[in-house]
Undergrad: 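One structure follows; several queries about it will come next.
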Amino acid sequence: QVQLVESGGGLVQPGGSLRLSCAASGIIVRVFPMGWYRQAPGKQRELVARITAGGTTNYADSVKGRFTISRDNAKNTLYLQMNSLKPEDTAVYYCNLNTVLWGQGTQVTVSS
């Protein structure tokens, strides 16, 4: 069974950090582009960051300099390091593989 499972979300104060993980099973991820998306209440799902099979990264302007996407192909896992978190980063974060496979999402809440 092919699936993506996110973890690492939670409640954090403004200025804090979280690291999200996305573990893949049933598929070898190293040959595929992957990404993190997020969806806040009442808003459309938006791209946060993506990484190609070769390691090239792109970020939404709103997270540049604060978030870092990375992948560990040996562990078949995608990461998102989030620093200097802001209340507007509050959303459900989703892992995506090759634009077609989605995880179930993990909630990130930034609040004091």
Undergrad: Measure the spacing between CD1 of Ile51 and CH2 of Trp36 and express it to the nearest 0.5 Å.
TA: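 Atom-to-atom, Ile51:CD1 and Trp36:CH2 are 12.0 Å apart.
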Undergrad: With no hydrogens and no angle check, is any side-chain donor or acceptor of Thr90 less than 3.5 Å from a backbone partner on Val110?
TA: yes
Undergrad: I'd like to know if the side chain of Tyr59 and the backbone of Arg50 have a donor-acceptor N/O pair within less than 3.5 Å.
TA: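 Checked: no pair found.
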Undergrad: Are any of the side-chain heavy atoms of Ser25 and Gln1 separated by less than 4.5 Å?
TA: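 Not in contact.
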Undergrad: Among residues at least two apart in sequence or on other chains, which ones pass side-chain hydrogen bond (donor to acceptor under 3.5 Å, both in side chains) with Ser70?
TA: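 Applying side-chain hydrogen bond (donor to acceptor under 3.5 Å, both in side chains) to Ser70 gives none.
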Undergrad: Which distance, rounded to the nearest 0.5 Å, do you find between the OG1 of Thr109 and the CD of Gln13?
TA: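 It comes to 13.0 Å.
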Undergrad: Membership question, hydrophobic clusters at under 4.5 Å side-chain separation (ILVMFWY): are Val2 and Val5 in the same one?
TA: no
Undergrad: Rounded to the nearest 0.5 Å, what separation is found between the OH atom of Tyr37 and the OG1 atom of Thr99?
TA: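 One gets 7.0 Å once the value is rounded to the nearest 0.5 Å.
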Undergrad: Compare all side-chain heavy atoms of Leu18 with those of Leu85 and state whether any distance is below 4.5 angstrom.
TA: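 Leu18 vs Leu85: side chains touch.
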Undergrad: In terms of hydrophobic clusters joined by side-chain contacts under 4.5 Å, are Leu47 and Val92 together?
TA: yes
Undergrad: Quick one: is the NZ or CZ of Arg38 closer than 6.0 Å to the six-membered ring centre of Tyr94, and within 45° of its axis?
TA: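 The answer is no; the distance or angle limit is not met.
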Undergrad: Ser111 versus Leu11: any side-chain heavy-atom pair under 4.5 Å?
TA: yes
Undergrad: Please report the closest heavy-atom contact between Ser84 and Ser17, naming both atoms and the distance.
TA: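 Looks like N-OG, 4.4 Å.
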Undergrad: Quick check: are there more than 12 heavy atoms from other residues, nucleotides or ligands sitting under 6.0 Å from CD of Gln44?
TA: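 For Gln44, atom CD is not crowded (no more than 12 foreign heavy atoms under 6.0 Å).
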Undergrad: Classify the angle between the aromatic ring planes of Tyr93 and Phe67 as parallel (below 30°), tilted (30 to 60°) or perpendicular (above 60°).
TA: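 Ring orientation, 0 to 90° scale: tilted.
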Undergrad: State the CG-CD1 distance between Leu101 and Ile27, to the nearest 0.5 angstrom.
TA: 6.5 Å
Undergrad: Answer yes if Val100 and Trp102 sit in the same cluster of Ile, Leu, Val, Met, Phe, Trp and Tyr residues linked by side chain heavy atoms under 4.5 Å apart, and no otherwise.
TA: no
Undergrad: Apply side-chain hydrogen bond (donor to acceptor under 3.5 Å, both in side chains) to Gln3 and list each qualifying residue two or more places apart in sequence or on a separate chain.
TA: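 Checked Gln3 against side-chain hydrogen bond (donor to acceptor under 3.5 Å, both in side chains); zero matches.
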Undergrad: Could you check Val108, Leu78, Ile69 and say which one makes a side-chain contact (heavy atoms from CB on, under 4.5 Å) with Leu20?
TA: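 Looking at Val108, Leu78, Ile69, the match for Leu20 under the side-chain contact (heavy atoms from CB on, under 4.5 Å) is Val108.
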Undergrad: Looking only at heavy atoms, which two atoms of Met34 and Cys95 are closest? And how far apart?
TA: CE-SG, 3.9 Å
Undergrad: Grab the two heavy atoms, one from Pro14 and one from Ser112, that are nearest each other, plus how far apart they are.
TA: CD-N, 3.7 Å
Undergrad: Could you note down all residue pairs passing salt bridge (Lys or Arg N to Asp or Glu O under 4.0 Å) where residues 65-76 supplies at least one of them, sequence neighbours left out?
TA: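 Found Arg66-Asp89.
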Undergrad: Can you tell me how far the SG atom of Cys22 sits from the CG atom of Asn96, to the nearest 0.5 Å?
TA: 9.0 Å
Undergrad: Check whether Asn76 reaches the backbone of Val29 with its side chain - one donor and one acceptor, N or O, closer than 3.5 Å.
TA: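 Yes; at least one donor-acceptor contact below 3.5 Å.
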Undergrad: Under 3.5 Å, side chain of Glu6 to main-chain N/O of Gln104, donor-acceptor pair present?
TA: yes
